[in-house]
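In the text below, chain A, chain B and the rest are named by the order of the sequence lines, each starting its count at 1. Just so you know, these numbers use all the heavy atoms, side chains as well, and skip hydrogens, waters and symmetry mates.
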Amino acid sequence: MATTTHEPAPAGKSPGGSGLSPRQRQRISRAAQYVLFVVVVVVAISAADWGRIHEYLLDTKALDGMFPDLLTVALKNTVLYTAAAYVVGFVLGLIIALMRLSSVAPYRWFGLVFIEIFRGLPALLILILVAFGLPIAFPAFSNPPGGVYTQVAIGLGLVAAAYMAETIRAGIQAVPKGQMEAARSLGMSHTRAMVSIIIPQALRVVVPPLTNELVLLFKDSSLVFVIGVSATQIELTKMGESFATQKADSTPIVAAGLAYLIITIPLGYLVRRLEARQVKAR
Amino acid sequence: MVEIRDLHKSFGQLEVLKGIDFTVDRGQVICVIGPSGSGKSTLLRCVNTLETPTRGTVVVEGIELTDPDVDINAARRRVGMVFQQFNLFPHLCVLDNVAIAQRRVLKRSKAEAEKIAQANLERVGLSDKVRSYPAQLSGGQQQRAAIARALAMEPTLMLFDEPTSALDPELVGDVLSVMRQLADEGMTMLVVTHEMAFARDVADRVVFMDQGVIVEEGPAEQVIGDPQEERTRVFLRRVLDPTHAQVGEVADLEERQAGARKSPADEPPPPVTPTGFN
């Protein structure tokens, strides 16, 4: 090969001699992808047992007695659990974020340990601990004001706080150094500059990730399932599951799933809008 | 009114200021010139202790800022600072940018703060932009808003840290004319700049710094027009007439800057914009 000289391929033509231009090959590749997609869909549809699917996943008869409680009680409670946990998570998260950035070393250590613990443990475990462990260890906590709502707010809020603290800390650190210098040069104290100048800017930056955290928390509220709640405190997953058991049919779970999507899809859309707005503002 | 004695500042191993002594009298305009990395910005930032000096004293209006027990926030109120990157608060409109420190620091009422803000924005020619946000303004307008923000605190001393270095060349003049107007009104000003025409016309005294020391200082026409030190002559020749600069003339400077780039203390390299006077 070393001695033979090859004619260089003409400019714009690929070497190799398949005789196809890149555009032709691209067209064939795309057609193959369409064909594959159609084949998979056709196989899936023809292989499925539609009778069973209809009976066990889409049987409206199994939803008897679920409405309007699914929306007026279960969805409402899911929203309440989420909101309570989110408030706790946000306030605590902001405090932990500021501790992480503190000039006092023990605060920084505490913030770090808090984040490592509550990011490293499953939310389910923490919720069980708060609901069953704390009342035994601290009798004062056995019947907290707000009852199970408070327990959920603390349990899920602790986990959310750990994630939100890291997000908020990143947001604060993303504010240019010059902002603090400008504020200080005007005679503001460090605290005043944080409150009036730095934190408002940081929160603007982290609105999309914090909204995303709200979506995650909304779904995590399903963990309340394990701590045993009364009929008026029931949330979506528990309600779907108990109707499914009672009717020996999974359609109620599908209905509960759709109820989640009523909230999560618009929130997801909102997150995308907020992110797009930020990209534009940059 | 500003008295700097034996000022030293180090960032880790890097000694940026190696013993600076100088004074600014009330009503004087002092321009500090010199190559990047010479320590002139650090010197300015030491005057309101945005950087804490490693050694030495800074006294402004009889208050020793380097005294650890001094109320630094109170002292800074009387010293306005204008930054190269403007540092306006992007989440506030121009009016609130100028009003917020008055309200939060001087505890002025909203109405009073906004009245004073309006007056100062008028002074810098921005009375039609009070409701705009910084991102909607040109660099020159942002810098003038930043000057108004500092003036609203009624400072007795204004520090300018390369105020025109980040500006579109065509907008430099607007900012310089505001600064000239301030100087004419008798404001005490300490200006780090590369605008030699401004320094020559407006400054009472020019200080040339290199490698953390003051190489030469004196009346503007003397330092810029007839520099005594060889280092000053080379700097001025290269800044005023860059097309005839010779490569390698300041090899030691280039070496220092190449090394200093790794250090956080390094100032961003300012685009040198010589204003054409020959």
Checklist entry - What part of B:Phe83 lies closer than 4.5 angstrom to a heavy atom of chain A: side chain, backbone, both or neither? => result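 Contact with chain A involves the side chain of B:Phe83 alone.
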
Checklist entry - Given that the side chain runs from C-beta out, which part of B:Val105 has a heavy atom under 4.5 Å from chain A: side chain, backbone, both or neither? => result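 Only the side chain of B:Val105 comes within 4.5 Å of chain A.
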
Checklist entry - Do any of residues 139-152 of chain B have a heavy atom less than 4.5 Å from a heavy atom of chain A, and if so, which, in residue order? => result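 Within residues 139-152 of chain B, near chain A: B:Arg149, B:Ala150.
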
Checklist entry - Measuring heavy-atom distances to chain B, does A:Ala183 have an atom under 4.5 Å in its side chain, in its backbone, in both, or in neither? => result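 A:Ala183 touches chain B through backbone and side-chain heavy atoms alike.
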
Checklist entry - So what's closer than 4.5 Å to chain B heavy atoms on A:Arg184: side chain, backbone, both or neither? => result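 Looking at A:Arg184, backbone and side chain both touch chain B.
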
Below 3.5 Å, can you tabulate the donor-acceptor pairs from side chains in residues 260-274 of chain A to any protein atom, sequence neighbours excluded?
unit_1	atom_1	unit_2	atom_2	d
A:Tyr260	OH	A:Glu235	OE1	3.4
A:Tyr260	OH	A:Thr237	OG1	2.6
A:Thr264	OG1	A:Tyr260	O	3.1
A:Tyr269	OH	A:Arg273	NH1	3.4

Rounded at 0.5 Å granularity, tell me how far [atom1] in [X] sits from [atom2] in [Y].
X	Y	atom1	atom2	result
A:Lys177	B:Asn87	NZ	CG	10.5 Å
A:Gln179	B:Gln85	CD	CD	11.5 Å
A:His190	B:Ile72	NE2	CD1	15.0 Å
A:Ser196	B:Leu92	OG	CG	8.5 Å

Next on the checklist: Please determine whether the number of non-hydrogen atoms from other residues, nucleotides or ligands lying under 6.0 Å from atom OH of A:Tyr107 exceeds 12.
Outcome noted: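 Counting neighbours around OH of A:Tyr107, 12 or fewer heavy atoms of other residues, nucleotides or ligands fall under 6.0 Å, so no.
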
Next on the checklist: With a 3.5 Å distance limit and no angle check, can you tell me whether B:Asn48 reaches the backbone of A:Ser185 through a side-chain donor-acceptor pair?
Outcome noted: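 No; judged by distance alone, with no hydrogens or angles, the pair does not exist.
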
Checklist entry - Do B:Arg104 and A:Leu186 come within less than 4.5 Å of each other through their side chains, counting heavy atoms only? => result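 When only atoms from C-beta onward are counted, A:Leu186 and B:Arg104 do not touch, as no gap falls below 4.5 Å.
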
